[in-house]
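Just so we're on the same page: letters track the sequence lines, and every chain starts at 1. Values below: every heavy atom of this structure, side chains too, minus hydrogens, waters and symmetry copies. Bear in mind the structure is a predicted one, so any value in this text is a computation, not a measurement.
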Number of protein chains: 2
Amino acid sequence: MRIAELSTRSGVPVPTIKYYLREGLVPPGELTSPNQAQYDELHLRRLRLIRALVEVGDLSIAETRDVLSSIDSPGKTLHERSGMVQRAVTPALAHQASDESLAAATELVANLVARRGWFHGPGHPLWEVLVQVVATLEELDQEDVVALLDDYADAVEPLAEKELAAIVARREADAVLEGVVVGTILGESLLAVLRRMAHANASARALQQTARVGS
Amino acid sequence: MRIAELSTRSGVPVPTIKYYLREGLVPPGELTSPNQAQYDELHLRRLRLIRALVEVGDLSIAETRDVLSSIDSPGKTLHERSGMVQRAVTPALAHQASDESLAAATELVANLVARRGWFHGPGHPLWEVLVQVVATLEELDQEDVVALLDDYADAVEPLAEKELAAIVARREADAVLEGVVVGTILGESLLAVLRRMAHANASARALQQTARVGS
């Protein structure tokens with residue numbers, strides 16, 4: 001298909017597609033004349049993925065490029081590429097909590113990881129992000145939220161097992177890697193929206209009960 | 001305290017504090033001379049909250065202002081203010097999925113909400129975001145992830161109940177509202193990091209088992 005059709009079917013404007021081509025996010029089409037290229041279903045698939053990561057997952061173009069180049073790495077095993085994808089989607093936090101809060105948070109995180117039997121330790125990007133988030137909660141006097149750390153872990157652990165089982169059951173390596181990317185980023189959006197809906201519903205039920213007791 | 005001490009204790013540079021003051025994110029200090037103002041613990045608390053929302057929660061200055069003005073709304077009940085806070089932290093999605101995917105996603109979301117006995121319906125911002133996220137997953141051929149919709153809801157529902165119980169147990173209205181803001185935004189970061197750790201651990205365990213079977 002020509003670039004105009006690629007634009008219609010992907011919902012990405014032609015100038016944006018040209019920008020992605022220049023930036024190497026989308027592989028070049030097959031030249032049919034010096035000024036014309038043909039694109040196929042793989043280009044369409046890639047554009048839909050980029051659009052989802054940028055518009056729903058709120059990734060920057062630089063982050064999206066890192067993620068895509070991890071999927072595309074030739075000569076790496078599926079396990080290596082999956083690890084690269086996971087690192088590419090791990091956010092670097094700008095926040096730096098105070099030393100005191102960090103010390104307290106580090107101990108809480110170490111205990112949690114030990115209780116769970118997880119392999120993460122100091123120096124791992126996810127460990128560092130978790131310590132910063134917990135330290136920030138401590139600085140904001142949210143000890144009652146920090147006290148729910150195991151409840152948060154209880155919520156995600158069985159879900160993570162099921163997500164992984166669904167994605168490794170796929171047949172093709174590229175579909176597995178796309179699943180890791182999309183599952184991580186869009187699954188996070190899904191979980192966040194459902195959590196907010198659950199909050200609103202729990203809150204509404206609590207109010208109804210209060211009203212009933214009061215009447 | 002003077003602005004220099006406020007800066008040291010909050011970790012926010014003086015020019016940034018001045019910017020927040022101009023933008024109305026932080027209430028003015030008490031003028032002690034035409035060029036000097038005094039600040040107190042409430043200013044410090046507010047700056048720490050802003051820093052957490054911007055640096056950890058990745059909120060824009062405009063979003064942060066909306067959230068803070070919802071907390072501060074005078075003459076509103078706690079319930080009204082809590083609703084305003086929740087709306088202020090609900091993201092507007094730039095993404096627009098195709099009509100076909102939206103129709104399929106709407107049906108899935110309607111069934112989920114009915115099964116859960118939730119009050120959300122078409123037109124509610126969270127409903128609309130959920131439909132867009134599910135439609136995007138469908139467009140990316142992630143039906144096996146969409147099939148886990150109930151597992152996602154199962155993960156967050158009991159957690160949301162506990163979070164709500166912890167926060168409404170607080171004594172002061174402002175602490176409850178700060179808890180809604182911080183719990184929603186930073187709780188989301190917490191859940192996201194723990195989910196990624198759980199993925200990595202589930203993945204590592206699956207590999208070990210494969211290695212053991214293969215040896």
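- Proximity to chain B is absent for every atom of A:A147, based on heavy atoms less than 4.5 angstrom apart.
- Only the side chain of A:A204 comes within contact range of chain B, with heavy atoms under 4.5 Å apart.
- Ranked by non-hydrogen atom pairs under 4.5 Å with chain A, the options B:G187, B:S82, B:S189 are led by B:G187.
- Each of A:K162, A:E139, A:E55 has some count of heavy-atom pairs under 4.5 Å with chain B, and the biggest count is that of A:E55.
- In terms of heavy-atom pairs under 4.5 Å with chain A, the best-connected choice from B:G11, B:A153, B:A200, B:S98 is B:A200.
- No option in A:Q86, A:E157, A:E163 other than A:E163 meets the side-chain hydrogen bond (donor to acceptor under 3.5 Å, both in side chains) test with B:H199.
- Nearest heavy atoms, B:G179 versus A:Q142: CA-OE1, 3.7 Å.
- Residue B:D151 holds its CG atom at 11.0 Å from CG of A:L194, rounded to the nearest 0.5 Å.
- Considering only heavy-atom pairs separated by less than 4.5 Å from chain A, the leading option among B:G57, B:A97, B:P158, B:A202 is B:A202.
- Within the 4.5 angstrom heavy-atom criterion, atoms from both the backbone and the side chain of A:L149 approach chain B.
- In terms of modelled atom types and a separation under 3.5 Å, the side chain of A:R195 and the main chain of B:A155 share no donor-acceptor contact.
- Chain A forms the most heavy-atom pairs under 4.5 Å with one residue out of B:V180, B:V89, B:L112, B:V134, and that residue is B:V89.
- Residue B:A169 does not touch chain A at all, counting heavy-atom pairs closer than 4.5 Å.
- Using a 4.5 Å cut-off on side-chain heavy atoms (C-beta onward), B:R196 and A:V156 make no contact.
- For the set A:D144, A:L49, A:T90, the count of heavy-atom pairs under 4.5 angstrom toward chain B peaks at A:D144.
- Chain A forms more heavy-atom pairs under 4.5 Å with one residue of B:D58, B:V145, B:L130, B:V129 than with any other, namely B:L130.
- Closest heavy-atom contact between B:W118 and A:M197: CZ3-CB, 3.7 Å.
- Atom CD of A:E143 has more than 12 neighbouring heavy atoms from other residues, nucleotides or ligands inside a 6.0 Å radius.
- Side-chain contact between B:T136 and A:R51 is absent, with no heavy-atom pair separated by less than 4.5 Å.
- Open room surrounds CD on B:E100; 12 or fewer heavy atoms of other groups in view lie less than 6.0 Å from it.
- Heavy atoms of B:R170 lying under 4.5 Å from chain A belong exclusively to its side chain.
- By the neighbour-count criterion of 12 heavy atoms within 6.0 Å, atom CZ of A:R115 is densely surrounded, having more than that number from other residues, nucleotides or ligands.
- Heavy-atom distances place the side chain of B:L164, and not its backbone, under 4.5 Å from chain A.
- Contacts between B:L159 and chain A at a heavy-atom distance below 4.5 Å involve the side chain alone, from C-beta outward.
- Heavy atoms of other residues, nucleotides or ligands lying less than 6.0 angstrom from CD of B:E80 number more than 12.
- Closest approach of B:L186 and A:V133 over heavy atoms only: O-CG1, 3.9 Å.
- Of the two parts of B:Q96, the backbone and the side chain both hold a non-hydrogen atom closer than 4.5 Å to a non-hydrogen atom of chain A.
- Among the candidates B:E161, B:R116, B:Q132, B:E178, the residue making the largest number of heavy-atom pairs closer than 4.5 Å to chain A is B:E161.
- Of all non-hydrogen atoms in B:A166 and A:L148, the two that sit nearest each other are CB-CD1, 4.4 Å.
- For a residue to count as touching a neighbouring chain, one of its non-hydrogen atoms must lie under 4.5 Å from one of that chain's; by this rule A:V54 does not touch chain B.
- Residues A:F119 and B:N201 approach most closely at N-OD1, 2.8 Å, considering heavy atoms.
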